[in-house]
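Letters go in sequence order (proteins before strands), and every chain restarts at 1. Hydrogens, waters and symmetry mates are skipped; everything else that's a heavy atom, side chains included, is used.
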Protein chains: 2
Amino acid sequence: MPSSPSAGVTLADVAAAAGVSTATVSRVLSGNYPVAVRTRARVTAAVDELGYVMNANARALARSRASTIGIVVEDVVEPFFGYIARGVERRAAELGLACLIMASRGSKERELELVDLLRAHRAGGVILVGGSADDRGYRTKMAQRARALADEGGHLVLCGRPPLSDGVPTRSVSYDNEGGAFAITSHLLAHGHRRIAYVGGPDRLSTHTFRLAGHRRALEQHGVVWDDDLVHVGQFGAEFGHATLTALLREGLDATAVFAANDAVAVGVYEAAEEAGISIPGDLSVVGYDDVPVATQLRPRLSTVSVPLEELGRRAAELCVAEPGTLDTDATVGTHLVLRDSVAAPRTTGPLRA
Amino acid sequence: MPSSPSAGVTLADVAAAAGVSTATVSRVLSGNYPVAVRTRARVTAAVDELGYVMNANARALARSRASTIGIVVEDVVEPFFGYIARGVERRAAELGLACLIMASRGSKERELELVDLLRAHRAGGVILVGGSADDRGYRTKMAQRARALADEGGHLVLCGRPPLSDGVPTRSVSYDNEGGAFAITSHLLAHGHRRIAYVGGPDRLSTHTFRLAGHRRALEQHGVVWDDDLVHVGQFGAEFGHATLTALLREGLDATAVFAANDAVAVGVYEAAEEAGISIPGDLSVVGYDDVPVATQLRPRLSTVSVPLEELGRRAAELCVAEPGTLDTDATVGTHLVLRDSVAAPRTTGPLRA
DNA sequence: GATCAGATAGTAACCGCTTGCTATGGTCGA
DNA sequence: TCGACCATAGCAAGCGGTTACTATCTGATC
């Protein structure tokens with residue numbers, strides 16, 4: 001194997017150039033030990049004369065902790081994850097941390113693998129974003145990862161998902177899925193809607209189950225009888241929203257409003273309505289969840305639940321490196337309704353069809 | 001099953017548990033040296049009994065190259081970057097690489113810093129995404145980084161931006177900004193448009209200048225006289241599109257079509273048109289560039305230039321680790337027109353106003 | 001003038017893994 | 001039976017920093 005002709009500049013090179021020991025150079029670079037002004041000057045001069053950049057791996061090895069945090073999302077392009085990732089990345093940058101990003105594509109097995117991969121990189125914290133599976137084996141395995149991570153000096157940070165079992169060393173920052181769903185459903189109810197179709201994400205995904213729970217609670221509180229047939233569980237995406245509403249419309253939709261469990265689903269619902277010649281909100285009211293940009297791009301603009309996604313990400317990043325006792329390790333940020341133009345009084349005619 | 005000793009489990013622990021030397025464990029884990037089947041079995045057993053995960057930093061240090069690549073984008077949530085990032089992340093995952101992501105927020109200074117940060121992490125490759133500044137000092141400094149990176153055994157990969165000067169060791173994968181702009185402008189011309197407003201990104205940003213160049217070439221080829229007043233240079237975002245068209249409409253827009261230099265700008269243009277009560281494409285035709293999802297969410301659907309963003313990202317990831325001679329180190333992927341509903345024949349009345 | 005504390009700088013032992021080189025045991029052909 | 005060869009496994013020297021501990025040089029104190 002041919003070895004690289006000129007390797008990078010090392011601490012030793014800098015030390016030699018500055019006429020000091022590597023310890024001294026290390027110290028001026030870390031800035032955590034007194035170094036005489038003149039010595040420091042010589043060192044910094046040498047550093048940028050040689051264009052030296054510290055080897056982060058060597059430092060991580062010596063300090064036995066990397067200046068890196070990891071974030072696991074389902075999909076990088078989905079705005080829900082994108083905004084959280086942006087918050088994480090920005091706060092991480094402010095804190096001098098690099099940010100490893102990985103996508104699970106919704107696979108829980110892969111998520112577990114990715115956590116291990118991040119552990120391998122000795123990330124100071126691993127952020128798991130979005131709903132989690134409500135699955136026994138999964139929870140056990142993740143709890144085990146959380147413990148291992150803690151043993152290694154890191155933290156498992158749950159972002160927008162409920163904690164694991166008690167006693168499992170995790171930190172978390174989330175928002176109120178149940179409450180937001182309760183509020184937006186109440187909004188629909190206040191407009192007079194009584195039959196509301198719910199179109200939402202994967203079964204057993206916490207985000208979905210909590211939103212559905214809030215929805216249900218609002219209904220019950222208003223004395224509306226629960227109807228299982230109005231609940232459509234599938235995926236958190238435009239595809240599913242489109243397919244579901246299309247199918248519903250084909251067989252006659254006995255509802256006056258749709259609660260799309262997130263804005264992406266609402267996009268699909270809008271498309272299906274458009275194709276079927278159904279007007280929103282005239283014939284059908286629609287609400288979403290998350291308040292990502294598409295909500296304002298849709299026509300009519302979508303009424304939805306605003307979640308401070310970027311803020312969520314920033315908090316998560318902080319939790320990755322916070323000293324114990326410094327921060328609230330299980331925070332919740334608020335959500336609020338954003339009322340736009342997609343809700344009106346229910347129509348009074350019979351079932352809606354394409 | 002995996003019991004966790006309180007520090008991290010190390011190679012030595014595994015070696016002890018399996019009754020072999022660390023060298024042997026390292027070898028079975030790397031799989032690049034013959035190890036007897038039974039020994040291998042003992043080792044793998046020990047590995048997962050202890051829940052061992054390799055310390056990636058130590059490995060990177062010993063191998064003097066990390067299994068990590070870096071990607072620098074302007075903004076994580078912008079779909080243009082998001083799709084490229086997705087391609088990078090996915091291909092990286094397939095190649096067993098972790099992916100460090102950082103956002104420059106459009107600052108060239110910050111971009112340079114981030115490259116150094118990524119160098120520090122000994123990333124095998126550093127991917128720079130999106131248009132680059134046409135600035136002498138910047139180019140020089142970046143060229144210097146490229147050389148340093150090459151010396152350290154890595155690669156600077158330019159994704160969607162032109163190469164630096166000759167002789168600078170970079171790899172690149174891009175698409176045809178000029179050609180796509182030429183094509184979409186020709187499309188407008190074919191519909192009879194002669195006065196087309198261009199609304200585009202930051203001055204001196206390569207993406208913008210090439211798109212404008214293609215636009216201009218199409219105009220010239222059709223014998224349309226060039227009018228500087230139709231060119232509006234600012235930012236690549238909805239804000240700018242909105243502000244620009246609003247201003248234009250206020251003073252009377254003497255054009256029948258708008259070439260939004262990317263889809264985000266088109267979003268702003270649509271909004272401004274809507275607010276002004278101007279119909280697209282009846283009163284004004286609009287085209288975009290990139291073909292991100294919003295193009296199909298807009299009404300009317302936006303005609304635009306499709307860029308294989310995810311593919312671009314995948315190629316970039318490959319270039320980060322490709323052995324010399326293996327791959328074309330300066331590839332170009334094709335673009336194509338996606339014609340939808342935002343273009344019609346020009347209106348024949350005078351200037352358009354709010 | 002000797003002593004001592006404070007400020008700096010140097011020494012060297014790691015951090016956990018890789019890998020060139022060496023050692024060992026068994027198999028074979030002569 | 002002996003040396004040549006294989007196939008395996010171990011040894012130990014790094015990789016490039018960090019940092020506990022030690023050494024040196026000052027000026028201040030008595």
Side-chain angles (χ1 to χ4, degrees), chain A residues 1-4 6-43 46-47 50 52-68 119-122 124 151-154, chain B residues 5-43 46-47 50 52-68 119-124 151-154:
Chain A
M1 289 290 137
S3 55
S4 16
S6 65
V9 182
T10 72
L11 239 209
D13 298 326
V14 176
V20 298
S21 72
T22 62
T24 301
V25 178
S26 171
R27 283 166 183 146
V28 352
L29 260 25
S30 296
N32 54 9
Y33 192 88
V35 173
V37 201
R38 306 202 43 180
T39 313
R40 179 192 309 284
R42 288 221 309 289
V43 170
V47 162
L50 297 177
Y52 171 72
V53 258
M54 163 102 54
N55 183 325
N57 293 301
R59 166 174 283 196
L61 180 57
R63 302 231 248 235
S64 60
R65 177 66 32 210
S67 56
T68 294
R119 274 218 283 147
H121 283 267
R122 290 298 183 270
D151 279 349
E152 294 153 12
Chain B
S6 24
V9 182
T10 72
L11 241 208
D13 298 324
V14 177
V20 299
S21 71
T22 62
T24 300
V25 179
S26 169
R27 284 167 182 146
V28 351
L29 260 24
S30 296
N32 53 9
Y33 192 89
V35 173
V37 200
R38 307 202 43 180
T39 314
R40 179 192 310 284
R42 286 221 310 289
V43 171
V47 163
L50 297 176
Y52 171 71
V53 256
M54 162 99 56
N55 182 326
N57 294 301
R59 165 172 283 196
L61 180 57
R63 298 231 249 238
S64 58
R65 177 64 35 207
S67 56
T68 294
R119 273 216 286 147
H121 282 268
R122 290 299 183 268
D151 278 350
E152 293 152 13

Quiz item: Can a side chain N or O of Arg59(A) be found less than 4.0 Å away from OP1 or OP2 on dT18(D)?
Solution: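 Arg59(A) to dT18(D) OP1/OP2: side-chain N or O found under 4.0 Å.
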
Quiz item: Looking only at side-chain N and O atoms, does Thr10(A) come under 4.0 Å of OP1 or OP2 in dC15(D)?
Solution: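 Indeed not, no polar side-chain atom of Thr10(A) lies that close.
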
Could you pull out the closest heavy-atom pair between [X] and [Y], with the gap in Å?
X	Y	answer
Val43(B)	Val20(B)	CG2-CG2, 4.0 Å
Leu61(B)	Ala58(A)	CD1-CB, 3.7 Å
Ala15(A)	Val25(A)	CA-CG2, 3.6 Å
Tyr52(B)	Leu29(B)	CE2-CD2, 3.6 Å
Leu50(B)	Ala17(B)	CD1-CB, 4.1 Å

Interatomic distance where [atom1] belongs to [X] and [atom2] belongs to [N] [whole Å]:
X	N	atom1	atom2	value
Leu11(A)	dC14(C)	CG	P	20 Å
Arg63(B)	dC17(C)	CZ	P	12 Å
Arg119(B)	dG16(D)	CZ	C1'	15 Å
Leu61(A)	dC17(C)	CG	C1'	8 Å
Asp13(B)	dC15(C)	CG	C1'	13 Å
Leu50(B)	dG16(C)	CG	P	15 Å
His121(B)	dG17(D)	NE2	P	13 Å
Asn57(B)	dG16(D)	CG	P	14 Å

Exercise. Evaluate the side-chain proximity of Thr10(B) to Asn55(B): yes if any heavy-atom separation is below 4.5 Å, no if none is.
Key: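 The answer is no, as the side chains (C-beta and beyond) never meet within the 4.5 Å cut-off.
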
Quiz item: According to the side chain to side chain donor-acceptor pair (under 3.5 Å) rule, which pairs have a member within residues 22-31 of chain B, sequence neighbours left out?
Solution: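 As it turns out, the side chain to side chain donor-acceptor pair (under 3.5 Å) pairs with a partner in residues 22-31 of chain B, which skip direct neighbours, are Ser21(B)-Thr24(B), Ser30(B)-Arg59(B).
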
Quiz item: Tell me the side chain to side chain donor-acceptor pair (under 3.5 Å) pairs involving residues 31-40 of chain A, sequence neighbours left out?
Solution: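 Every candidate side chain to side chain donor-acceptor pair (under 3.5 Å) pair involving residues 31-40 of chain A fails, so no pair, neighbours aside, qualifies.
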
Quiz item: Taking the nucleotide of DNA chain D with the closest heavy atom to each, which residue, Gly19(B) or Asn55(A), is nearer the 5' end?
Solution: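 It is Gly19(B) whose nearest nucleotide is closer to the 5' end.
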
Exercise. Rounding to 10 degrees, work out the angle separating the end axes of the helix from dG1(C)-dC30(D) to dA30(C)-dT1(D) (five pairs an end).
Key: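 Rounded value for the end-axis angle: 60°.
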
Self-check item: Spatial distance of atom OG1 (Thr68(B)) from atom CZ (Arg65(B)) [nearest 0.5 Å]
Solution: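 Atom-to-atom, Thr68(B):OG1 and Arg65(B):CZ are 9.5 Å apart.
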
Quiz item: Is the backbone of His121(A) close enough, under 3.5 Å, to the side chain of Asn57(B) for a donor and an acceptor to pair up by distance?
Solution: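 Such a contact is found between Asn57(B) side chain and His121(A) backbone.
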
Self-check item: N/O donor-acceptor pair under 3.5 Å between Arg42(A) side chain and Ala18(A) backbone
Solution: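 Yes; judged by distance alone, with no hydrogens or angles, the pair exists.
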
Practice problem: Counting heavy atoms from C-beta on, name the nucleotide in dC17(C), dG17(D), dT19(D) closest to the side chain of Asn32(A). | Solution: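 Of dC17(C), dG17(D), dT19(D), dT19(D) is nearest to the side chain of Asn32(A).
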
Exercise. Looking only at side-chain atoms of Val20(A), point me to the closest of dG10(C), dG16(C), dG16(D).
Key: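 When the side chain of Val20(A) is considered, dG10(C) is the closest of dG10(C), dG16(C), dG16(D).
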
Please tabulate, one pair per line, each protein N/O and nucleotide N/O from nucleotides 5-8 of chain C that are separated by under 3.5 Å, including the distance.
none

Quiz item: With Arg119(A), which residues qualify under salt bridge (charged side-chain N to carboxylate O under 4.0 Å, His left out), at least two apart?
Solution: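 Salt bridge (charged side-chain N to carboxylate O under 4.0 Å, His left out) list for Arg119(A), sorted by chain: Asp116(A), Glu152(A).
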
Quiz prompt | Interface with DNA chain C, restricted to residues 21-29 of chain A and to heavy atoms under 4.0 Å | solution =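 By residue number: Ser21(A), Ala23(A), Thr24(A), Arg27(A).
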
